[in-house]
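First comes the structure, then the notes that go with it.
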Amino acid sequence: MPPPTPPTGEPKRRRLLALPAVCPCEGIAPAPLLASLLSLAADLTSRGAGDAGAFPVLRRGVRQAVRIAGLLLAFLEEIQDATVALALPAPAVLGLTELHVAMQKLRFLLTDCERRGARLWVLVNAGLAASELRAVLGSVAAALDALPKGVVNPSVEAGELARLVSEQAWRVPVRPDAGDERAARTVRSILEQFKSGVSPDAEDARRVLKHIGVTTWSECSEEIAFLEDELRTRMDGAGDDSCSDAVLINSLIAFLVYCRVVLFDQIDVNPKADAAARPARCPDWIRPDALQCPITLDLMTDPVTVSTGQTYDRASITRWIKAGCRTCPVTGERLHTADVVPNAALRGIIERMLLSNGVSLPDASSSGHRHGALGNTPAPFGPAAAGAARLAVTYIVAQLSTGSTEERRKATSEARKLCKHSVFYRACLVEANAVPWLLCLLSSTDASVQENAVASLLNLSKHPGGRTALYEAGGVGLVVDVINVGARAEARQNAAAVLFYLSSGPEQAEEIGRIPESIPTLVQLIRDGAHRGRKNAMVSLYGLLQCASNHGKAVAAGAVTALAVVLAVDRDDLAGDAVALLARLAEHPVGAQAVLALPGLVARVVEALATSASRSGKDHCVALLVSLCRHGGEKVVALLGRMPGLMASLYTLVADGSPQTCKRARALLNMIHRHYEMGDAPAPASEAGERVVRVL
């Protein structure tokens, strides 16, 4: 019998204002049931003792519910001793069970009403929240009324408390407050103005935010982040209700983005969010071999299990598989499928251990799939969201062009965030002529302004209109200057990545290559940059080599020497990128001659062919060797034929390699065999290998 199929995903997050409840198990004893009821009632009562602004919506209804919970707590304490001593009849247990379910729902509802980040969504759904609260309080009253008199009246005080709770729960008026209705009407009015492309009165928007307790930039961002998560939850579902909710949620997101851009002058730092954004490292008090990813040795934040049963961090194993590796890094077994299964149990253990030490684990959705399908959506849902986005972008461009240094710092930061948000925001920024102003800010003496401007241009260069605007504004040279003299490493790395998107075709690659500093600058970054900078530089140089005239410029700039150093020092994805770039350079005679002229480089390529676990890496190694033979002639073929281990690697690729690699390996084998069939017998492998290593 085959093993059971593992679950394909993590449990879905509870939707806001959805009130699931777990019914106590059948046959539960009175003592634990009452203890759980007392705990629930005490928790609900404590909600009224905190911050007065914790419930900005439905204030009156929540106060009534908390007061009823306090009365219920007193009633439960009165009956606790008497009830435990009795053998409760079935109707009494059923009534207490129903009361337990109702109180669970009440706790969910109060949690939603006080949840930070969800306040605007609760405001626009105040009618639904009030209806749910009314129904839950009715369930509390009905459960109390169903209890037998012998349970309700063990004392006079208990009987009075039960009657008081029932009467108040039935009769309490629960409806949105007047302030809630006024704020909700203002939100709807502002959304209508957005549809018409009209900027709303700033004071109206401020009053709405003040009503829900949003007073800072970070709190506004928190509301946006919640709504984005809620939108993903709704879009995962099917049906017309999900689509209609998506229209409203997207409009509210755009409203909050507009408010964040226009109403807040400064970006305040949220320490918790800043800590969560940093990659988690394995603390000393955690067993590294249990909770660290075997690939990166970092603490796993999104653990997933592969078909061999081994667990890795999602980002790490995804990169491994995308590199063409089809074996398990730990066991060496072949992966029968690239699918991975989230390890929710291990994630829960890591999360609890971190929380107990005051550290929060980043959401899995924020570690690479933050915007998911939303980020690839070219148009927003609904005209209100479109109007708000265009108005926000217009304000940003005005700040970029005429603002003070502080205003430009905030405007570039907002532009960077919106570029990353969706394709639609990129299009809006391009249409609003943001690219020329961002290019002007590349020469800013403020490091933050320069860094945010480069990051914004990186995302805009992914848009066809953004690339066109960059060329028309003469921005390529400015981007190259940032690679050379950028104030921060991140700015230089992002500038290198901009060149990759700009070199989308041979004509563009030729135009960039005409700038004298462009290729030498990328080679310098490959030589001296950090990991990400070197990778971006190699990818960008690979794109520039679409143009044949750039090959000689790259060789003259020392690209082959720089790549040889990477291949000798690094054993990660950078080494694979280096071989790929060498293979591209060797397609032309000038590149092949430079590779052959560098001592020891060919031997390193042959070694990489034998040791690489990446299919794409092996393919690039074979492609490089084929190009060297084609441009170097029979002398190179003879040397390769005597290279130790090469023939065995080629035969293995013919049998097990990808179709493209197999074809190239067979072609190289044919060259070598043809050479020795036409000439003398080959020298012994060991002797020949020693001579080849010395020569190459």
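What you are looking at is a predicted structure, and each value in this text was computed from that prediction instead of being measured.
- Without hydrogens or angle criteria, S503 side chain to A509 main chain gives no donor-acceptor distance under 3.5 Å.
- In this structure, R416 pairs ionically with E490, as a charged nitrogen and a carboxylate oxygen lie closer than 4.0 Å.
- In the model, T521 has a side-chain atom that pairs as donor or acceptor with a side-chain atom of N484 under 3.5 Å.
- The distance from atom CZ of R426 to atom CG of N459, rounded to the nearest 0.5 Å, is 5.0 Å.
- Evaluation of the side chain to side chain donor-acceptor pair (under 3.5 Å) rule for Y395 yields no partner, not counting sequence neighbours.
- The ring pair (Phe, Tyr, Trp, His ring centres under 6.0 Å) analysis of residues 639-671, with sequence neighbours excluded, yields no pairs.
- Residues meeting the side chain to side chain contact (heavy atoms under 4.5 Å, CB included) test with Q593, sequence neighbours left out: P589.
- Checked against side chain to side chain contact (heavy atoms under 4.5 Å, CB included), T318 has the following partners two or more places apart in sequence or in another chain: R314, K322.
- Heavy-atom contacts from other residues, nucleotides or ligands closer than 6.0 Å to NZ of K462 number more than 12.
- Scored by the side chain to side chain donor-acceptor pair (under 3.5 Å) test, T337 finds D339 as partners (sequence neighbours excluded).
- Evaluation of the side chain to side chain donor-acceptor pair (under 3.5 Å) rule for R514 yields no partner, not counting sequence neighbours.
- E414 pairs by the side chain to side chain donor-acceptor pair (under 3.5 Å) definition with W217, R260, K410, not counting sequence neighbours.
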Check: residues 623-638 side-chain donor-acceptor pairs under 3.5 Å, at least two apart:
unit_1	atom_1	unit_2	atom_2	d
S627	OG	A623	O	3.2
H631	NE2	E587	O	3.0
E634	OE1	H675	ND1	2.6

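- Remark: I321 CD1 to S316 OG distance equals 11.0 Å, nearest 0.5 Å.
- Each ring pair (Phe, Tyr, Trp, His ring centres under 6.0 Å) pair with one or both residues in residues 581-613, not counting sequence neighbours, appears once here: H551-H588.
- Every residue meeting the side chain to side chain contact (heavy atoms under 4.5 Å, CB included) condition with S413, not counting sequence neighbours, appears here in chain and number order: I267, N452.
- Residues N494 and R532 bring a donor and an acceptor atom of their side chains to less than 3.5 Å of each other.
- Under the side-chain contact (heavy atoms from CB on, under 4.5 Å) rule, C293 has a single partner from D313, I317, T311, which is D313.
- Pairs engaging residues 464-482 under the salt bridge (Lys or Arg N to Asp or Glu O under 4.0 Å) rule: none recorded [sequence neighbours left out].
- When the salt bridge (Lys or Arg N to Asp or Glu O under 4.0 Å) test is applied to R664, the partners found at least two apart in sequence or on another chain are D619.
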